[in-house]
Novice: 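I'd like to ask you about the structure that follows.
The structure displayed is predicted, hence computed values, not measured ones.
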Amino acid sequence: MKGKAVVEDAYLYSEETNLTVRKTSIFFTGDGFTAYDCKGELVFRVDTYGPDSRDLGELVLMDATGRCLLTVRRKRPSLHNRWEGFLGEREEGQKPIFSVRRSSIIGRSSVTVEVYSNPTEEYQIEGSFAQRNCTFFNADKVSVAEIRRKVDTCANVVLGKDVFSLSVKPGFDGAFAMGLVLVLDQIQGDDYVNPNDNRVDVDPISDDPNLSS
């Protein structure tokens with residue numbers, strides 16, 4: 001599937017790519033997210049996250065070397081908990097490249113993503129990020145990315161929700177997908193989860209070096 005980068009061409013993968021995403025504790029300096037490829041190499045990181053960060057309403061996605069790829073920032077005021085994305089490290093007066101918002105302010109709902117450079121490019125994110133079980137659909141209702149729980153097939157154990165899988169389909173911008181993960185963590189991360197709902201929908205990869213027992 002051909003695609004057009006929202007953030008950077010380097011993250012337009014030619015085949016389906018599975019990233020292992022780790023979310024660290026929110027109680028310590030330097031915490032946030034890291035994402036690794038199937039070889040265990042660092043792809044993305046976020047360490048401006050937590051109570052000691054400069055602004056809890058603004059997160060910066062970086063590559064493995066620390067280069068700023070994308071800034072996501074909460075728009076205030078906003079009834080729909082709207083967030084906006086900016087290329088690189090956001091500067092005052094810079095225009096956003098996309099926005100993310102809840103489809104409804106009432107109850108649990110899907111999330112709508114609009115790309116400003118192309119009015120016809122819109123995505124819906126359905127499911128529960130809190131359960132690590134959601135799918136990103138394009139305007140044609142075709143899946144372009146998925147978030148699923150991670151399974152250690154050797155130990156036959158579902159890993160905790162601080163480790164999960166981000167599957168990016170061919171032609172979809174992986175940096176854009178990771179930026180959406182950051183926003184979902186902010187707007188859906190505290191959603192109520194039924195403790196009796198243990199449904200898991202994953203495609204385990206037994207040779208993933210990032211799995212922990």
Novice: Between Ser128 and Cys134, what is the shortest heavy-atom contact and its length?
Specialist: N-CB, 3.9 Å
Novice: Leu182, Phe98: one ILVMFWY side-chain cluster at the under-4.5 Å cut-off?
Specialist: yes
Novice: Taking the ring centre of each residue, are Phe44 and Tyr11 less than 6.0 Å apart?
Specialist: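 Distance test on ring centres: under 6.0 Å, yes.
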Novice: Quick one: does Arg102's side chain have a donor or acceptor within less than 3.5 Å of a partner on Ile187's backbone?
Specialist: yes
Novice: Between Thr112 and Glu122, does any side-chain donor sit less than 3.5 Å from a side-chain acceptor?
Specialist: no
Novice: Please give me the minimum heavy-atom distance between Cys68 and Val60, naming the atom from each residue.
Specialist: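 Heavy atoms of Cys68 and Val60 come nearest at SG-CG1, 3.7 Å.
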Novice: Any sub-3.5 Å donor-acceptor pair from Asp173's side-chain atoms to Ala175's backbone N or O?
Specialist: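 Pair found, side chain donor or acceptor close to backbone of Ala175.
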Novice: Treating Ile, Leu, Val, Met, Phe, Trp and Tyr as nodes and any side-chain heavy-atom pair under 4.5 angstrom as an edge, say whether Val100 and Val21 lie in one connected cluster.
Specialist: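 Yes, same cluster.
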Novice: Salt bridge between Lys169 and Glu16, side-chain N to carboxylate O under 4.0 Å?
Specialist: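 Result for this pair is yes, salt bridge flagged.
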Novice: Between Glu8 and Arg67, does at least one N-O distance fall below 4.0 Å, as a salt bridge requires?
Specialist: yes
Novice: If you take the centroid of each ring, where Trp contributes its six-membered ring, are Phe172 and Tyr13 closer together than 6.0 Å?
Specialist: no
Novice: For Ala177 versus Val168, what's the shortest heavy-atom pair and its separation?
Specialist: CB-CG2, 4.2 Å
Novice: What heavy-atom pair brings Leu61 and Gly179 nearest, and what distance separates the two atoms?
Specialist: CD2-N, 4.1 Å
Novice: Quick one: CD on Glu146 to CZ on Phe137, what's the gap to the nearest 0.5 Å?
Specialist: 7.5 Å
Novice: Do you reckon Ile97 sits in the same ILVMFWY cluster as Val183, going by side-chain contacts under 4.5 Å, direct or chained?
Specialist: yes
Novice: Are Val72 and Leu69 connected, step by step, through hydrophobic side chains (Ile, Leu, Val, Met, Phe, Trp, Tyr) whose heavy atoms are closer than 4.5 Å?
Specialist: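 Same hydrophobic cluster.
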Novice: Restricting to non-hydrogen atoms, name the atom on Ser99 and the atom on Arg82 that form the minimum distance, rounded to 0.1 Å.
Specialist: OG-NH1, 3.0 Å
Novice: Test side chain to side chain donor-acceptor pair (under 3.5 Å) on Glu58 and Thr71 and set out the steps.
Specialist: CA-CA 7 Å; Glu58 184 170 297; Thr71 301; 5.3 Å; no
Novice: Is the shortest side-chain N to carboxylate O distance from Lys141 to Glu126 below 4.0 Å?
Specialist: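 Between Glu126 and Lys141 there is a salt bridge, with a charged N closer than 4.0 Å to a carboxylate O.
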Novice: Indicate the atoms forming the closest heavy-atom contact of Val7 with Leu87, along with that distance.
Specialist: O-CD2, 3.6 Å
Novice: Starting from the C-alpha separation in whole Å, work towards a yes-or-no answer on side chain to side chain contact (heavy atoms under 4.5 Å, CB included) for Val113 and Gln124.
Specialist: CA-CA 6 Å; Val113 183; Gln124 294 288 327; over 6 Å; no
Novice: Hey, mind stepping through Val111 and Leu184 against side chain to side chain contact (heavy atoms under 4.5 Å, CB included) and telling me if it holds?
Specialist: CA-CA 8 Å; Val111 172; Leu184 287 172; 4.0 Å; yes
Novice: Please say yes or no: joined through hydrophobic side-chain contacts below 4.5 Å, possibly via intermediate residues, are Phe176 and Val144 part of one cluster?
Specialist: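 Linked, Phe176 and Val144 end up in one cluster.
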Novice: Before accepting this row, confirm whether a basic side-chain N of the pair Lys23/Asp185 lies closer than 4.0 Å to the acidic partner's carboxylate O.
Specialist: yes
Novice: Centre of Phe164's six-membered ring, under 6.0 Å away, within 45 degrees of the axis: is that where NZ or CZ of Arg149 sits?
Specialist: no
Novice: Does the distance from a Lys or Arg side-chain N to an Asp or Glu carboxylate O, for Glu114 and Arg101, drop under 4.0 Å?
Specialist: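 Yes, this pair counts.
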